[in-house]
Structures are given as C-alpha cells and as structure tokens.
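Step one of this worksheet: look at the structure below.
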Amino acid sequence: MKALQPIALLLAGAAILGAVAVRALASGAADNDTGIQLPPGYRDWRLVSVAHEEGNLNDLRAILGNDPAIKTYRDGTLPFPDGTIIARLAWTHTPSEENNKVFGRDQSFIAGAATNIQLMVKDSKKYGETGGWGFAQFTNGKPAGEAIIKTCFSCHAPAKAHDYVFTRYAP
C-alpha cells in the first residue's frame, strides 16, 4: 500500500499540471515580451466604439473596455485608473456578397478574417516610461515580437491629452 502512495502523488501532480496547462492554452495566449496576456472573458467586455481603418490596413475594429475603462469613459474623467484594459479587435473589411445581392449594388461590408487583437493595460508604476500604459498585440493568439510593441507608444504619443488613448466613447 505504501508503494502506491508515491505513484498516487505523482499522478495527482501530473493531473494538476495538466489542468494548469489546459487553462493556459484556453486563455488564448502566453506571455509576450511585456508580460501582458489576453484577459479571460475579454470578448464579453462592453463596447466602447467601432471604427473602419482605411489605407493599407483596411479593417473593421471593435474597441472593448473592462469595467474601469467603461466607468472612466462614461464619467468623462481622465486619466484612466490603473487596472484599465482597452482591447482593440480587428477584422478585414470584406464586402458581403449575400447582402449586396439583396441591395442590388455593392454597399454592404462585414467583418472578414480576424487580423489581430491589441491591448492597452494601465499600470502607472510598471509602465511609467510609456505614459502608464503597457501595450500588447496578438495574431492568431500569439504575441507580437518586441520590435512591434516598441512602436506602440510613439504612435500613441500624439493622444497624450486623452491619456494616450485614441478612441472616444460612442454612447
């Protein structure tokens, strides 16, 4: 009986490690260079706004916010508090053949293939050098490399008056 105890402990440990690994995979992404992960349940966050980016990107975007982000947007107060997370989801801007048949002309566009997800995470101590914001980007659930992430703050710098956030709340 005592010989089975080490085996039982080993099996229990393996089961726990397996459960942790499954949970990590289910979260959608591993740590990237900034340590930011895709937050569990982010797809259930409230909508801040939508956008259509033309030019080389030509995508449709949904901007979502966690509870602290939504409260700040609705209250109209800045800066955003630590703990705020803003997610930008993007898809290709794709004509809808089905809808356009109904309209009799090309006028309807839908979200096509997902392109990436970008996050802004407010932690004024951890990300003090970048206005208090940490940045991350995920494509197909995989984090972008450090070279891409290093360009985020310089792009957001012109929005300093709005706490480095481009998106305004669409009530």
Side-chain angles (χ1 to χ4, degrees), residues 26-29 32 34-144 148-171:
S27 73
N32 61 16
T34 63
I36 297 172
Q37 296 183 350
L38 285 171
Y42 72 93
R43 290 292 301 258
D44 295 325
W45 291 353
R46 288 185 202 92
L47 181 69
V48 173
S49 189
V50 295
H52 171 219
E53 185 75 27
E54 290 188 346
N56 292 338
L57 298 175
N58 196 27
D59 63 20
L60 296 174
R61 299 167 173 208
I63 296 81
L64 309 176
N66 68 355
D67 288 341
I70 296 300
K71 180 173 180 5
T72 302
Y73 273 117
R74 288 182 177 169
D75 292 348
T77 58
L78 290 174
F80 288 90
D82 284 358
T84 295
I85 306 175
I86 300 170
R88 195 276 290 144
L89 290 66
W91 300 268
T92 58
H93 182 250
T94 305
S96 170
E97 292 180 30
E98 180 181 5
N99 294 351
N100 288 334
K101 285 180 187 175
V102 173
F103 295 124
R105 64 182 182 188
D106 290 345
Q107 74 177 45
S108 181
F109 296 86
I110 59 171
T115 58
N116 63 36
I117 299 166
Q118 294 177 344
L119 298 174
M120 290 180 69
V121 176
K122 187 71 178 269
D123 184 329
S124 55
K125 290 179 184 168
K126 186 173 184 179
Y127 305 114
E129 292 182 12
T130 52
W133 291 99
F135 300 91
Q137 178 173 305
F138 300 87
T139 303
N140 296 321
K142 296 179 182 164
I148 290 174
I149 300 306
K150 282 188 173 186
T151 67
C152 295
F153 181 66
S154 61
C155 186
H156 283 260
K160 182 179 181 179
H162 294 279
D163 198 17
Y164 302 96
V165 177
F166 292 117
T167 305
R168 305 299 178 264
Y169 186 63

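Looking at Leu119 and Pro39, their side chains come closer than 4.5 Å, going by heavy atoms from C-beta outward. Here the side chains of Arg88 and Asn116 are in contact, with some heavy-atom distance below 4.5 Å. In this structure, the side chains of Asn100 and Pro95 come closer than 4.5 Å at one or more pairs of heavy atoms. For the pair Ile70 and Val48, the minimum side-chain heavy-atom distance is below 4.5 Å.
No donor-acceptor distance shorter than 3.5 angstrom exists from the side chain of Ser108 to the backbone of Ser96, with no hydrogens or angles considered. Under a 3.5 Å cut-off, the side chain of Ser49 and the backbone N or O of Ile63 do not form any donor-acceptor pair.
Scored by the salt bridge (Lys or Arg N to Asp or Glu O under 4.0 Å) test, Lys126 finds no partners at all (sequence neighbours excluded). Scored by the salt bridge (Lys or Arg N to Asp or Glu O under 4.0 Å) test, Asp123 finds no partners at all (sequence neighbours excluded).
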Going through the distances and angles, do Arg74 and Tyr169 end up as a side chain to side chain contact (heavy atoms under 4.5 Å, CB included)? CA-CA 7 Å; Arg74 288 182 177 169; Tyr169 186 63; 3.0 Å; yes
Go through it in stages, so that I can follow the logic: the residues are Arg61 and Thr167, the test is side chain to side chain contact (heavy atoms under 4.5 Å, CB included), and I'd like the CA-CA distance, side-chain angles, deciding distance and then a yes or no. CA-CA 11 Å; Arg61 299 167 173 208; Thr167 305; over 6 Å; no
Trace of the side chain to side chain contact (heavy atoms under 4.5 Å, CB included) decision for Tyr42 with Ile85: CA-CA 9 Å; Tyr42 72 93; Ile85 306 175; over 6 Å; no
Please walk me through it: do Phe80 and Trp133 pass side chain to side chain contact (heavy atoms under 4.5 Å, CB included)? CA-CA 10 Å; Phe80 288 90; Trp133 291 99; 3.8 Å; yes
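The distance from the CG atom of Leu60 to the CD1 atom of Ile110 is 9.0 Å, given to the nearest 0.5 Å. Within the model, atoms CD1 of Ile36 and CD1 of Ile149 stand 7.5 Å from one another, a figure rounded to the nearest 0.5 Å. Rounding to the nearest 0.5 Å places OG1 of Thr139 at 8.5 Å from CD of Gln118. For the atom pair Leu64 CG and Leu47 CG, the distance stands at 6.5 Å (nearest 0.5 Å). Atoms CD1 and CZ, from Ile148 and Phe135 in turn, are 14.5 Å apart once rounded to the nearest 0.5 Å. The structure places OG1 of Thr77 at 6.5 Å from NZ of Lys71, a figure rounded to the nearest 0.5 Å.
Closest heavy-atom contact between Ala114 and Trp91: CA-CD1, 3.6 Å. Closest approach of Ala87 and Trp45 over heavy atoms only: CB-CZ3, 4.2 Å. Residue Thr72 comes nearest to Pro81 through the heavy atom pair OG1-CD, 3.1 Å, listed as atom of the first residue, atom of the second, then distance. When all heavy atoms of Lys122 and Pro79 are compared, the closest pair comes out as NZ-CB, 3.9 Å. Summarising the geometry of Gly131 relative to Asp163, their closest heavy-atom pair is O-OD1, 4.1 Å, with the distance given to 0.1 Å.
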Cut-off 3.5 Å, no hydrogens considered: what does the side-chain donor-acceptor table look like for residues 155-162, sequence neighbours left out?
unit_1	atom_1	unit_2	atom_2	d
His156	ND1	Tyr164	O	2.7
His162	ND1	Arg168	NH2	3.4
His162	NE2	Arg168	NH2	2.9

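Side chains of His52 and Asn58: a donor-acceptor N/O pair is present below 3.5 angstrom, by distance only.
Other residues, nucleotides and ligands contribute more than 12 heavy atoms inside 6.0 Å of the CD atom of Gln107.
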